[in-house]
Protein chains: 2
Amino acid sequence: MPRGPGQRAGLTRAAVLDTAHALLAEEGLDALTMRALARRLGVAPNALYSHVPGKTELVDALLDDRLSLVEAPDPAAADPVAALAALMTSSYEVLLARADLLPLYLARQGSRGPNAVRLGIATDALLARLGLAAEAIPSARRALIVHAIGCAAFAGGDGPVPAEMARADFTRSLRWLLDGIAAQPAKSAPP
Amino acid sequence: MPRGPGQRAGLTRAAVLDTAHALLAEEGLDALTMRALARRLGVAPNALYSHVPGKTELVDALLDDRLSLVEAPDPAAADPVAALAALMTSSYEVLLARADLLPLYLARQGSRGPNAVRLGIATDALLARLGLAAEAIPSARRALIVHAIGCAAFAGGDGPVPAEMARADFTRSLRWLLDGIAAQPAKSAPP
DNA sequence: ACCTGAACACCGTTCAAGT
DNA sequence: ACCTGAACACCGTTCAAGT
């Protein structure tokens, strides 16, 4: 029996996001519409707006949720370059499973949800351990992020390049970037 | 006076693409709809389908058109690394003006229109001049392309990073990639 | 072959009302 | 506060018809 106006469906923001994740994973970005999402939840389309500001914010939340699966590296890791490589590789893997979303993410310059901020801070800490000057750190961070997201968006596409090859490309060019970053002029060392 | 059925509007594929370019440049990707495009051309929405297979193909054509502005480098250039840097920088600049389209392009792994193919061949020729093994050339090409498109999509976004800074990031990390590519194990030199 | 009219099957979002 | 019904202002695309 359908609900009338005023009767609650027990919807929560978490339930909306969970179902959105499932819909995205199962049917792709094109199928992720507010109306299809509402259908899956058994509510009227506009009921979603009590728990989510709009579709843009929902998509942002989905991507940042995804980044919660990446664990921040130990800032005191013995080998900061290896720790950066592991962090970027882990981000790449996790983002690959939601490659549909990445184009939008790139265009918004990685609009910063809490998890993106958390990983950004961890990245900066490792870059500082390499001896980078403070002004050089944001640039290096952006280069690594654009690379990881760009490669994941590319690999997740439906083009002719197989996933394994795209992954090998990612790893190799990541090394080139890290080599370049590590070879940058260091800030003056303490005496 | 409006046209009745059967009366021609003098539409051509070129006119459709030109108007689509103008619409995209003036009002952005969201405003580029088949209906808005038809409105601008003074025809019914479905009239477009006599000249263009659909919206996906139209967008692909718009991006490849854009690449026609990039001139292929001299394959016999004195400094192949400098020629590669110039080619990628020129592509970056040209794509920046249509940054809206890049996310879709990345996801389709740079779906290859005639101009994309032309520039890809030019890139491969320069990479071969560096002494790269044949198997290493497509990987190096993809790394450069993902980098250029990824950086342009990022820079074109409406985030907090100013365009000049994004451009400086692009140039610096491009150098790192080229350094890494050029330092790869060369194929056996002729005796 | 090229174009129109009408329609189909959708969108995201807002507004007024009900409990 | 949370939800429904109804509506608004759109989409891309197809189909039948007209010249």
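Letters A, B, ... mirror the listed sequences (proteins, then strands); counts begin at 1. What's counted below: heavy atoms across the whole structure, side chains too, no hydrogens, waters or symmetry copies.
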**Asked** What is the nucleic acid contact for B:Ala9, judged by heavy atoms within less than 4.0 Å: base, sugar-phosphate only, or nothing?
**Response** sugar-phosphate

**Item:** side-chain contact (heavy atoms from CB on, under 4.5 Å) partner of A:Tyr105, the single match among A:Val59, A:Ile145, A:Leu95, A:Leu67
**Value:** A:Leu67

**Request:** Going by the side-chain contact (heavy atoms from CB on, under 4.5 Å) test, name the single residue among A:Asp100, A:Leu104, A:Ile149, A:Leu102 that passes it with A:Leu63.
**Result:** A:Leu102

**Request:** Using only side-chain N and O atoms of A:Arg3, determine if any of them is under 4.0 Å from OP1 or OP2 of D:dT4.
**Result:** yes

**Item:** Phosphate-side-chain proximity, B:His51 and C:dC3, N/O vs OP1/OP2 below 4.0 Å
**Value:** yes

If you measure from the [atom1] atom in [N] to the same atom in [M], how many Å do you get, rounded?
{"N": "D:dC8", "M": "C:dC10", "atom1": "C1'", "value": "15 Å"}
{"N": "D:dA9", "M": "C:dA9", "atom1": "P", "value": "23 Å"}
{"N": "D:dA17", "M": "C:dA1", "atom1": "C1'", "value": "14 Å"}

**Prompt:** Got a sec: does the CD of B:Glu26 have more than 12 other heavy atoms crowding it under 6.0 Å?
**Reply:**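 Correct, the count exceeds 12.
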
Counting only Watson-Crick or G-U wobble pairs whose two distances fall under 3.5 Å, which nucleotide matches [N]?
{"N": "C:dA17", "result": "none"}
{"N": "D:dC10", "result": "none"}
{"N": "C:dC3", "result": "none"}

**Prompt:** Can any side-chain N or O of A:Arg129 pair as donor or acceptor with the backbone N or O of A:Ala77 at less than 3.5 Å?
**Reply:** yes

**Fill in**
Looking only at heavy atoms, the pair that brings A:Leu96 and A:Ala155 closest together is CD1-CB, 3.7 Å

**Request:** Could you tell me which residues satisfy side-chain hydrogen bond (donor to acceptor under 3.5 Å, both in side chains) with A:Asn115, sequence neighbours excluded, listed by chain and number?
**Result:** A:Asp64, A:Arg118

**Asked** What integer distance in Å separates A:Asp30:CG from C:dG12:P?
**Response**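 Those two atoms, CG and P, are 11 Å apart.
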
**Item:** Under 4.0 Å protein heavy-atom contact, by nucleotide of nucleotides 14-19 of chain C - B base, S sugar-phosphate only
**Value:** BB--BS

**Asked** Atom CD1 of B:Ile137 and atom CG of B:Asp124: how far apart are they, to the nearest 0.5 Å?
**Response** 6.0 Å

**Request:** Determine, stepwise, if the pair A:Thr12 / A:His51 fulfils side chain to side chain donor-acceptor pair (under 3.5 Å).
**Result:** CA-CA 6 Å; A:Thr12 60; A:His51 302 92; over 6 Å; no

**Prompt:** Are the aromatic ring centres of A:Phe170 and A:His147 under 6.0 angstrom apart?
**Reply:** yes

Got a list of protein N/O to nucleotides 9-11 of chain C N/O distances below 3.5 Å?
| unit_1 | atom_1 | unit_2 | atom_2 | d |
| --- | --- | --- | --- | --- |
| C:dC11 | OP1 | A:Thr33 | OG1 | 3.3 |

